[in-house]
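To keep things clear, I will list the structure first and then write my remarks on it.
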Amino acid sequence: MFKHILQRLGSTILLLLAVSFLTFWLMRATPGNFFDSLRLNPQISQEMVERYEKLYHLKDPLLVQYGHWLVNILHGEWGYSFYYNVPVTHVLGTRLFNTFILSFTSLLLTWSLAIPLGIWASLRANQWGDRLLSLFSFAALSVPGFFLAVLVLYIASLVGGLPLGGMHSPGYDEMSFFGKVWDTLLHLIIPASVLSLSSMASLQRIMRGNMLGVLRQQYILAARAKGLPENLVIYRHALRNAFNPLVTLLGYEFASLLSGAALVEIVCSWPGLGSLLLTAVRAKDIYLVMSSTLLAGVLLIVGNILADILLVLVDPRIRYEQ
Amino acid sequence: MIGLFLVQAQAASRYGGSLVEAVSSDPKTFNDIVSTDANSRVITSLLFEGLTTEDPFTLKVIPNLAKSWDVSPDGLRWVFHLRTDVRWFDGVFLSADDVVFTFNDLIYNPDIPSSCKDVLTIEGKPLTVEKIDDHTVRVILPVKFAPFLRAMGQSILPKHCLMKALRDKKFSFTWGIDTPVEQIIGTGPFQLSEYHPGERLVFKRNPHYWKKSKTQEQLPYLDKIVFLIIQDHQAQLLKFMDGELDAVGISGSDYPLLKPLEASRQFHIFEAGAAYDANFVVLNQNPRLNPKTHRPFLDAVKLSWFTNLSFRKALAHAIDKKKIIEILNNGLGLSQDGPMSPGSGFFYTPDVMTYDYDLKKAKEILKQAGFHLSPDGGTLKDPQGHPVEFNFYTANAASAGREAMSGIIRFDLERLGMKVNLVTVEFNTLVNKLMSSYDWDMVMIGLTGGVEPHFGQNVWASSGGLHLWNPRQKTPATLWEKRIDEIFNEGAQELDENKRKILYDEFQRIVAEKLPVIYTVLNMDMYAVRDKFGNLKPSVNGGAFHNIEEIYKK
Amino acid sequence: MNNSRISLAFKSFRQNRMAMICLWVLGLLYGLAIFADLISPYSYADEDRNFSYCPPTSIEFFDGPKIVPPFVYQKHLTFDAMHRRVFVVDRSQKYPLHFLRGGRLIQVDAPARLYLWGADARGRDLFSRICYGARISLSIGLIGVAISFIFGLLIGGMAGFYGGWIDGILMRVCEMFMMVPGFYLMLALRAAVPENFNSVQVYISVVLILALIGWASLARIIRGMTLSLRERDYVLAAKTFGVSDLGIICKHILPQTVSYSLATLMLSVSSYILAEAGLSMVGLGIQDPVPSWGNLLSNAMEIVPVIFAPWILLPGLFIFMAVMCFNVIGDALRDAFDPMFQD
């Protein structure tokens, strides 16, 4: 088990290197860098732009630039955001936190609704309730998330009562602690529910499928034949086995915490990573992009390892042995 | 006594309240010397002030931190008398040292990449800025320089706060967006009190601001200004209609949505006039060779079309400005023919050559220039028989309107028989093409303008880096470019405003006639502001809140 | 496992009523795409700026009390005091509909225009653009999935079959692609596409980008299936009879995976259609004037046109329908084939 995790960590570092170089190369493959947009300002001299370029080694060969970045990362120096003129960590910190709040809320919402719904549907398989739910799930899976967000925002603007995007009210700073929490929760409603709708739909389908699969198994039949109460059969025996495979999914959801919300964040003006990164990629704010990709990678790995450990904890049949 | 009492009672009620606005992105820095982008400028304009400023309506230069100035008869030696009642946010009084520091130690410092250095450098020489006493500063110009007073609108920064950063050679990175807000020290009406990246900036009232109202009341009136950072214009509109925002800048296409709501939602739309931001099409006329490949930057055949004035005129006749205004701005816009906007006021002249939308005329002009259609009528060929085909670049995201406009123009050019590949690229990529790789044919882009024509020197002088169609020429390629060079040199040194106007009128006529850039349409500057505010006087030059210190909540 | 079980699976699929409805709807949508030239009254680029945001044209059947062959009226665009668009119907002249003329099903004579579902900002017919857009949107998913499926099949099949270090390396490569957040990888890849590509080339590169992002997860799924298949008796038997590795992969393992992956593929098609829409929303999808449902929908991201010309939301409905159909069919296929993998 321990050895397995160590092994994974080892291969992971290599992977992170490969990913970071791939990103670096992609960012540099196209002509034009951030200072190019400064060149069109009639009040800025070209000498100044060139001085900046030298300061950041942007004229050096690709590998040298990448080397500079790598050495800095190893020293805990994440690089500099040209666009914001501050260290990358400063920009990323709060945005990461905001994205985390949104994604975590929607994750919570998804799992706390999808699992019961999935069980409910599996117990009524092919009855009208199940069919209605699956129709609804298909519909939810089929709307582009960003489009749904736009529609919900329009409707909310007609109905009123909910904040239309953003994370806090303008008067947030003067609120009491509970006022602040309440204000943030209100702002979370639209983006979090839009985000969780489609993942809820798919998770509900998966849970339903797993549950149905387990209920067909012989040991369930055996348990029923023994005359165990139906509730016990379902919630003690079936549920655990249906739930185990979902743990692996949780690991992946962990990784998509970072990027899954991007478009909805942009539409709902949520001050998270999504809008920041879209601007960064467009402006070729290279170190900002690199750092966030790296973070996403680390999160995915942490998520996977976490899922591995969880899986062992919940399912004693699984052991990692060579 | 009673009268005086009444005035005071009424006035006392003006204090307090807050204003919530929106900006489309985070500021990049609070350091006004190194900032280069418009959004940072919106923020810093509340914090910092210069010796002079522009009257938003007459566009004349008026006193600001300097209460008056004297000039020697030759126009070279200026003495500025500073106000004695100006205090920095931390309570320290403004002095001549701050002014000298700002110019000599910051702007002219070779280690600091300042964006204002170019404007304040005249014929390669800096201004000489000296302290006479605590509240008097002398500035000596190397040669006569007409836009001098306007250029003295440059923000003044506090020496006592920044000296240390300068000594540590860290000034370029000081006052970045990671600085604790209370450390940003200026003289403006409001000071920064909160900054939450990606969310909002909060400003509080500067209690010892120097400006007083006509009734000698301490300004500003408002307690607080909040800028919400909302990238998407649609989201801004929704938040304005919802009541969260107190003001929003709107375009012509938003007008029909908002105008009918004015009464019920208690706001008013101010139409300030034609905006400065020009949108234009430019053709590459760069004849030089790429020093790396020893091949021309631009294919010789294309060069022969683009340098052909008739070709450019035909293009100008193929731009359906009226419909572009209708489609993009619901009829709220102006067609632009010359290089300046009516918003520039005094120096603008409407008396330039205009080009109406007329495809027949365009075809006729092309025919006279030797271009002809292929027998099937579908392809335009040049006199040597080459089919006319080129790439038309425009930037995405920067402005949706520009992208749509390019599509409309492309459609008409195809009707002339040209094969035009519309290519939408990132703004950075486009700039790279224009400024360094020079591998472009036609581009749709925009530049912002202003009151003072000389500040566009970088575009119009043939040696300018922003002389888009053929940048950084050693000697002007054409006679008319030579004449524009002369106009800009003369104009900078001519102190008589009326004589300057004659020169710049000629410049506008030349550009409209020779069409190095083909102008399209100008948007109208419009602001929707809630009725709860008093003293609102929006102008193109200053926006909705140029007199922010006088605005109060009713 | 044999043919009869596969045909059994298809039989159970056919009994799924919802899936069959979706199959018909998809057929209709593909019909729109294939016969776009015939069905749509105009070419996708045909614009008439006098009809900016013209509402749907009403087709008249009555001339007073008399029934006459269908015709339309011409409309004139004006702006009211609030700068809203107002179309005034000009009843002075009737423009009869022409059927099957010039290779198109319905046409009217200029200057009148026939807008079945309204016009966009530049006076282009939305109905025609949706028909032509179907070509892009419905093919992008199919071609993209085909490419990533081939990749996924090869790599996943190899990894699963050989296991060991080959599996290790290939799966690490997969993880690398899955690790980069998809949306940003998409943006970065799109930024690396040469910008002077014409619309066909842009189309191909968008397809390739989507495929490049999608193959890794497919490969993982296929690896998992191969892993379980290779331990089956008949594969072991083939091995002992000395059938070559490639032969086993191609003859025994892949056919089994294909039938099951069909379900996964259907679901991937829908995610590709959605991805194209997302790419278009940030302005990096198929470029105007060539329509795709994604770039048509991106016009509906702005509140003002949606309020004054709600018909521009229609492409959203089409994306929804297509994605929903693929999802339902994919799910039904999985249900149908599932029993085969139960034992």
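To find a chain, count down the sequence lines: A is the first, B the second, and so on, and within it residues start at 1. Note that this is a predicted model, so its numbers are computed, not measured.
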Check ion pair B:K361-B:D356 (N to O, under 4.0 angstrom): yes

B:N290 side chain to B:R295 side chain, donor-acceptor N/O pair below 3.5 angstrom: no

By ring pair (Phe, Tyr, Trp, His ring centres under 6.0 Å) - contacts of C:Y42 (at least two apart): none

Per-residue contact mode, C:Q287 against chain B (heavy atom under 4.5 angstrom): side chain

Heavy-atom contact with chain B under 4.5 Å, split by part of C:I307: side chain

Interface residues of residues 518-525 of chain B facing chain C - non-hydrogen atoms under 4.5 Å apart: none

Contacting moiety of C:D80, where chain B heavy atoms sit under 4.5 Å: neither

Structural part of B:E326 lying under 4.5 Å from a heavy atom of chain C: both

Pair B:F306 and B:F390, ring centroids less than 6.0 Å apart: yes

Atom group of B:I324 that falls short of 4.5 Å from chain C, counting heavy atoms: neither

Modelled atom types, side-chain donor and acceptor of B:Y255 and B:E271, under 3.5 Å: yes

Residues in ring pair (Phe, Tyr, Trp, His ring centres under 6.0 Å) contact with B:F270, at least two apart in sequence or another chain: B:H268

Polar contact flag, side-chain donor to acceptor under 3.5 angstrom, C:Q201-C:S205: no

Pairing of C:D109 and C:R101 as salt bridge, 4.0 angstrom limit: yes

Side-chain ion pair, B:K259 and B:E262, N-O less than 4.0 Å: yes

Which of B:P260, B:G331, B:S253, B:A235 touches chain C most, by non-hydrogen pairs under 4.5 Å: B:P260

Among B:D299, B:N284, B:N391, B:L303, the one residue meeting side-chain contact (heavy atoms from CB on, under 4.5 Å) with B:D441: B:N391

No-hydrogen, no-angle side-chain donor-acceptor test under 3.5 Å, B:K323 and C:N50: yes

Centroid-centroid under 6.0 Å between C:W293 and C:F318 rings: yes

Residue among B:L332, B:L258, B:L237, B:D254 with most heavy-atom pairs under 4.5 Å to chain C: B:L332

Contact residues of residues 115-129 of chain C (partner chain B; heavy-atom separation under 4.5 angstrom): C:A121, C:R122

B:D412 with B:R415: basic N within carboxylate O range, under 4.0 Å: yes

